[in-house]
Amino acid sequence: MTVLEVVLRTVAVLAAFLVLPLLVGQTEHKVMAHMQGRLGPMYAGGFHGWAQLVADGVKFVQKEDVVPVAADRWVFRLAPGVALVPYLVAMSVIPLSPTLVAADVDAGALFVVALAGIGILGTLMAGWSSANKYALLGGLRAAAQLVSYELPIVLAVASMALAGSSLSLATLTERWSPWWMLWQLPGAVVFLVAAVAELQRPPFDMPVADAELVMGAWTEYTGLRFAFFLLAEYAGIVVMSLLFATLWLGGWHGPFPDELGWLWTLGKGLVVAVVVIWVRVAWPRLREDQLQRLAWVWLVPIALGQLLLTGAGVVMGW
C-alpha cells in the first residue's frame, strides 16, 4: 500500500466519520419529531432544516470551555477524545463492499467490539475527573453498564464468528446466507438491545439520567468538549448499526452487489439506526435494577443458548 493510498483512505474515513453521524443525528431529529406530532428542524440550511446539526456545532465552538477548579484537568480534557476516537478507528475496519474498506483486519469483528468497549471509558473518565457527585454517579453507572452489556455483545458476535468460521468481517459477509437471519435471530436481538445499552441510549440512559443526575458524567462539560460526547453517541450508533448490518443483514448482499454493494450496506445500517431511534421514542427509561436484571437474567442466557445452538449447527453441518 502506497503512502498516497493510505492518505486517501484516511481522508475517506474522516469524511465518513464527520458526515454519517450528522446524518443519523438529523434523522433522529426528524423521526422523533414526526413520532411526537412535531415538525422538528425546519429553518437551518433551508430544506427541512438539513443544516441544524452544523449550526449546533458552530454554536458549541463559540461556547466557553470551562474546567472546574477541583477537576483533574488532564483526565477531564482527555475524556471526550477517549469517548470519540475509538469509534473513528472502528469505522475504518467495517467493509462497505468487497473492495471498499479502509483497513481489512483479519479479526475485524473482535476489533470493533473491543473498540466499542473502550469508548464508554470516556464517560467513566469524565465522571471521575469532574469533582462533581452527580458526574461521579453517572460514571459509576456507565462502568456497571459496560460490564453488564459487553458480555452479551461479545457472545452474540462470537456466535456469528462461529457460524462463519472466521473473525474477519469481510469473510463473514461473503459467507452470509439468508438462512442466518432466522438461525441467528436470537443473537441479533441480543446484540441490538445490548448495543443500545452500551451506547447509553434511552431506555438505557441511566448514566445520563437528567431527572436524577442532571446530565450524568457530562454535567460539567461545556462547548466543544460537550459536543464531542454528543458526536461520540451518534458515531457509536453508526458503528453498531453498520456492524449489525454487516453480520446479520448480509452487508453488501443485494441486487448488483458489485456496483451497489456499498449502498446496500449503508442502507441497511440506516434502517438499523432508525430502529435505535424508534426505541428511544417508544420506550420509557428503565430503573437501574431493571437494567441489570435484563442483562444478566435474559440477555446473557439467551446469548449463551444461541452460541450453543450455533456450535451444534456447525458440528451437524447446517
Side-chain angles (χ1 to χ4, degrees), residues 1 9 13 16-17 85-121 146-147 149-195 198-199 235-253 257 261-262 264-266 268-269 272 299-300 302-318:
M1 187 181 299
R9 293 191 179 201
V13 171
F17 187 73
V85 172
Y87 292 121
L88 169 62
V89 180
M91 198 175 293
S92 67
V93 304
I94 297 179
L96 299 182
S97 73
T99 57
L100 192 57
V101 57
D104 189 7
V105 179
D106 291 337
L110 181 62
F111 190 69
V112 173
V113 171
L115 287 169
I118 293 174
I120 202 172
L121 293 180
L146 170 64
V147 171
Y149 284 90
E150 186 72 11
L151 182 57
I153 289 178
V154 171
L155 291 174
V157 173
S159 178
M160 292 299 296
L162 183 62
S165 301
S166 176
L167 282 171
S168 168
L169 290 175
T171 302
L172 290 174
T173 307
E174 289 175 357
R175 296 175 181 175
W176 180 85
S177 167
W179 159 242
W180 286 12
M181 297 179 67
L182 179 62
W183 182 30
Q184 299 293 326
L185 180 60
V189 174
V190 167
F191 178 90
L192 188 59
V193 174
E198 186 161 307
L199 294 172
I237 295 175
V238 171
V239 169
M240 290 300 188
S241 298
L242 289 178
L243 182 61
F244 186 93
T246 300
L247 292 178
W248 280 278
L249 301 181
W252 59 74
H253 288 277
W262 63 278
W264 286 115
T265 303
L266 291 177
K268 293 173 183 178
V272 177
L299 297 187
V300 171
I302 293 174
L304 287 172
Q306 176 69 79
L307 191 60
L308 180 63
L309 175 64
T310 303
V314 171
V315 171
M316 297 176 65
W318 293 357

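Every heavy atom of this structure was used, including side-chain atoms; hydrogens, water molecules and symmetry mates were not.
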Steps toward side chain to side chain contact (heavy atoms under 4.5 Å, CB included) verdict (L155, Q306): CA-CA 8 Å; L155 291 174; Q306 176 69 79; over 6 Å; no

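- Side chains of S159 and V190 form no contact here, defined as non-hydrogen atoms less than 4.5 Å apart.
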Determine whether M160 and W248 satisfy the following criterion, side chain to side chain contact (heavy atoms under 4.5 Å, CB included), listing intermediate values before the conclusion. CA-CA 8 Å; M160 292 299 296; W248 280 278; 3.3 Å; yes

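- Between L115 and I118 there is a side-chain heavy-atom pair separated by less than 4.5 Å.
- By the 4.5 Å heavy-atom criterion applied to side chains, P98 and W252 are counted as neighbours.
- With hydrogens and angles disregarded, a donor-acceptor distance shorter than 3.5 Å links the side chain of R175 to the backbone of S165.
- At least one side-chain heavy atom of L299 sits under 4.5 Å from a side-chain heavy atom of V193.
- Taking the side chain as every heavy atom from C-beta outward, L88 and V13 approach each other to under 4.5 Å.
- For the pair S97 (side chain) and L100 (backbone), a donor-acceptor distance under 3.5 Å is present.
- The two residues A194 and P152 make their nearest non-hydrogen contact at CB-CB, 4.0 Å.
- Between the side chain of S241 and the main chain of V238, no donor-acceptor pair closer than 3.5 Å is present.
- Ring planes of W179 and W183: parallel class, angle under 30° (limits at 30 and 60°).
- Taking all atoms of both residues into account, the shortest heavy-atom contact from F244 to L192 is CE1-CB, 4.2 Å.
- A donor-acceptor pair under 3.5 Å links the side-chain atoms of K268 to the main chain of L249, judged by distance alone.
- Minimum heavy-atom separation, I302 to P186: CG2-CB, 4.1 Å.
- When side chains are defined from C-beta on, L169 does not count as touching V105, because their heavy atoms never get closer than 4.5 Å.
- Proximity of a side-chain donor or acceptor of T173 to a complementary backbone N or O of G250 within less than 3.5 Å is not detected.
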Stepwise side chain to side chain contact (heavy atoms under 4.5 Å, CB included) test for V112 and I94: CA-CA 8 Å; V112 173; I94 297 179; 4.2 Å; yes

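- Here W264 and H253 keep their ring centres 6.0 angstrom or further from each other.
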Under the side chain to side chain contact (heavy atoms under 4.5 Å, CB included) criterion, do D106 and L167 qualify, and how do the steps go? CA-CA 6 Å; D106 291 337; L167 282 171; over 6 Å; no

